[in-house]
Amino acid sequence: MKQGTAQSFAVFVRTWWRRNPSYPCGLEPCPGRKRYLGRRLTEEEARTLARQYNATHDPGRLSKKAEYERE
């Protein structure tokens, strides 16, 4: 992280759905567990890492995507 910055960010991956046959289309909204890809990043670094992950990975039916948050 750059010196003198007050905020740091973490990048993580999670799914947004889980399989449930009783729901329409067989999917129930359910944010999954966070799996971290990086921590203590600047916002620019976090945004770049999340975009790179999402551009190179298919989210699939459960919508597995990278996001970032302030630590």
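The basis for the numbers below is simple: all heavy atoms, side chains too, and nothing from hydrogens, waters or symmetry mates. Count residues from 1 along the sequence.
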With a 4.5 Å cut-off on side-chain heavy-atom distances among I, L, V, M, F, W and Y, is there a chain of contacts connecting Leu62 to Val13? no

Set of residues satisfying side-chain hydrogen bond (donor to acceptor under 3.5 Å, both in side chains) with respect to Glu43, sequence neighbours excluded: Arg47, Tyr68

Holding to side-chain contact (heavy atoms from CB on, under 4.5 Å), I want the full list of residues that pass it with Arg33, two or more places apart in sequence or in another chain. Arg35

Residue pairs passing the salt bridge (Lys or Arg N to Asp or Glu O under 4.0 Å) test where at least one lies in residues 55-68, sequence neighbours excluded: Arg14-Glu67

If you round to the nearest 0.5 Å, how far is CZ of Arg40 from OG of Ser8? 7.0 Å

For residues 17-27, which residue pairs qualify under side chain to side chain donor-acceptor pair (under 3.5 Å), counting only residues two or more places apart or in two chains? Arg18-Glu28, Asn20-Ser22, Asn20-Glu28

For Phe12, which fellow cluster members are found when Ile, Leu, Val, Met, Phe, Trp and Tyr are connected by side-chain heavy-atom distances below 4.5 angstrom, either directly or through intermediates? Tyr36

For Ala66 versus Leu37, what's the shortest heavy-atom pair and its separation? CB-CD1, 4.4 Å

The complete set of side chain to side chain donor-acceptor pair (under 3.5 Å) pairs with one or both residues in residues 48-57, sequence neighbours excluded, reads none

